[in-house]
Amino acid sequence: MGRADARRAQQQRGARKEPGGRQGKSSGKRSGIRRFVNWKTILGTFLGGLLLLVAGAFILYFSVNEPTDPNEGAVLQSNTYKYSDGSVMARTGSMNREIVSIDKISEDVRTAFIAIENKTFYQDSGIDVIGVARGLFNTATGKGKAGGSTITQQYVKNYYLTQDQSPTRKLRELVIALKVDQRMQKNDILAGYLNTNFYGRNAYGIQAAAQAYYGVDADKLTLEQGAYLAAVIQAPSQYDWATAGPNGKRLVMIRFNAVLDNMVEMGKLDAAKRKELKFQEPIKPKPRPGMDGQKGYLVQAANDELNKQGIKDADIAAGGWTITLNVDKKKQAALEKAVQDELESKLERKNTKDRPQDQSVQAGATSVDAKTGAIVAMYGGVGLAEKAESNALRTDYQPGSTFKPIVLATALDTAATTQDGRLITPNALYDGTSKRPVTGSNTAFAPQNQDDINYGDPMITVQEATNSSVNSVYAQMIVDAKPQAVKKTALALGMVDRPGWGADQPAMSLGTMSANTLEMAGVYATLGSHGKKITPTIVKQAEHKDGEFKPVNPIGAQVIKRETADTVTKVLTGVVEEGSGKAVRSSAYQAAGKTGTTEKNVAAWFTGYTPELVTVVAMFGEDPTSHNQVTLTGTAGLGRAGGSSFPAQIWQAYTTAALKGQTTGQFDLSDAKMGTPVAPTRSAVPSTGPTGSASPTPSSSGTRPSGTPDPSGSSGKPDPTPPTGKPTPPTGKPTPPTGKPTPPTKDPTPPVNPDGPLLR
């Protein structure tokens, strides 16, 4: 064997496996992915990617030309709002802009905008790389849409581009901002920005905004006023002080203070002077042409719904929208007439000396199609010139006893029991003694019934307690059903979680949280739809060549059992037939409803529904100067203005007119469960008494018989009918509606008690 053959043999032996399956010595070469991934390839890939990025940016920079003309949005189009039948209701969007030079805007006001929008404006090159990266990160992590735009970028967007949020538009904005920054002086860019912003109140540009919010020219704006305008541009409809809710005012004040604090941080405002600066409240907004009557309020409601669907104020203000509302022209006219006939015609708005209370009366209403959830009519107030915020949408008043059906719904839906273990049903018995302390709660509460009347002897059924809106019964019922469970039901039905909800407060049973007519209409519409969620909606259709609107689906999922909803509706028909809602009885329809009057009579509600319509009417006492809540007692020169007076009368007049000429139906309440009938006698098993025993407190001499409703008139005279003793026990088999109930009679009002407790 030669030397070459010997070497080949040795190599073959080295390649063979060793005993036990072990491999011989490795060849020393990398295998698999390690053959391709090393520091050279990583570095090469990074540098290649960087070169591609630079090349892409280079190409992008030179391929995107700076526009020579402003966009179409700078020459605004109008928006058209239509009724549900397609007829035009209003047109908005006419230009309200006056261009002013930078020297007409004080340095303090200019700095206010820079402080909140772009502190590095005079140092940057038109874009803020860190800000853009932060905005993109926020978008990627679900913390909001990409932001970080400089003043230059916002000017470019307002003047040359559109409000579109697409990545393509954003890239063009960045490139054009760089070019604009190279071509224009910083003060010219700032002037363009201030003159193209939308500030709300149909004001485009700083001059129009100064006039709209403070009634002065731009060169007369104070630093405090400029700071507010700088704060309001982020969300004009939400932050306008005249129409903002509590949360909107809180948020705009955060931005207002941030403006001033940032100026101190920038060295543009002395810290001592900063402490002296106070917010200056804007003047009342002036209605735009064509926004007379209720039109302005309807446009407000439509725009608010568009906002909730992601369409910003600036998008709407740019114009070009055709927005069709669900509002029925005839029903809208009927609602306006009902308010005029049943309330406004009885007030002395100009007689401030003899009838001062009439100046404080505000009315709001929302009416919804019971089957579709469409808002067919809405009343916002006497007009935008006198009242900028819609009373139909305001959330600074309590709903009072219109909340009680939600307590009952929770008790029924969760199969709650009384303190001694009895299932809560409409025929269950409760102690109706006024000021009776609740039991089973860590929070002491002993509410007074209206006029301190004791109901029952002392026991009363839940049906009778609802008819007469007995506070002591519902305060105990919410403890039995658990306040947290009641809140959960309320939110599921359509109420909104705002400050004022008690974590575990039995007082919640009396409607101590805030609400508006729109959401209460949703709650009662859901009850009327057998427990299937109804979310009232005012926008039927919105069209724009560059925008997309997805209408709200008003019909949602089942949120409470059908049996629960139908039982509550059955109970509320009793309120109309025999209780505090008798003022709305009519042979033209079958109705269910609930009155509500808040503590010190600062608000009064009637919320009712037929198989066709759900309508909420509310009255609010608001001092016209201080805007504080004041009593409604004395309205139209009469006594207490409760839910069974003006609100119920407006409801009845409107519903009769709105349903005229159509065949009305009856509620399908076949699933309602009223429970075992129980005679309300002293021998019946009562709820646990205040001392923890089963013995109820005897009724006082001021007892009104159970089942006797609170009179609903407005004469201010006491009820002339004396107590007649114990009522006839319920049979559990009430006579079904015939469609022709006895016409309502005029009932006198109970004695005036302006400082009484939460009422009906």
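- Under a 3.5 Å cut-off, the side chain of Thr395 and the backbone N or O of Ser514 do not form any donor-acceptor pair.
- No side-chain heavy atom of Val523 sits under 4.5 Å from any side-chain heavy atom of Phe403.
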Applying side-chain contact (heavy atoms from CB on, under 4.5 Å) to Leu632 and Phe646, what does each step give before you reach the verdict?
CA-CA 11 Å; Leu632 290 166; Phe646 297 105; over 6 Å; no
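- For the residue pair Ser580 / Thr595, a side-chain donor-acceptor distance below 3.5 Å is found, with atom types taken as modelled.
- In this structure, a donor-acceptor pair under 3.5 Å is present between the side chains of Asn467 and Gln463.
- Note: Tyr397 and Phe620 have tilted aromatic rings, judged against thresholds of 30 and 60 degrees for the angle between ring planes.
- A donor-acceptor contact closer than 3.5 angstrom links the side chains of Gln419 and Asp480.
- One side chain, Lys404 or Ser401, offers a donor N or O that lies under 3.5 Å from an acceptor on the other.
- In plain terms, the two heavy atoms of Tyr654 and Ala377 that are nearest each other are OH-CB, 3.9 Å.
- Within a 6.0 Å radius of NZ in Lys532, no more than 12 heavy atoms belonging to other residues, nucleotides or ligands are found.
- Between Gln450 and Ser469, the side chains place no donor N or O within less than 3.5 Å of an acceptor N or O (distance only, hydrogens not considered).
- For the residue pair Asn427/Thr425, the side-chain donor-acceptor check at 3.5 Å is not satisfied.
- Legend: residues meeting ring-ring contact (aromatic ring centres under 6.0 Å, His included) with Tyr297, ordered by chain and number and at least two apart, are absent.
- Side-chain atoms of Glu612 and Thr610 include a donor-acceptor pair closer than 3.5 Å.
- A side-chain donor-acceptor contact under 3.5 Å links Tyr474 and Thr466.
- Tyr379 and Thr517 form no side-chain donor-acceptor contact under 3.5 Å, judged by distance and modelled atom types alone.
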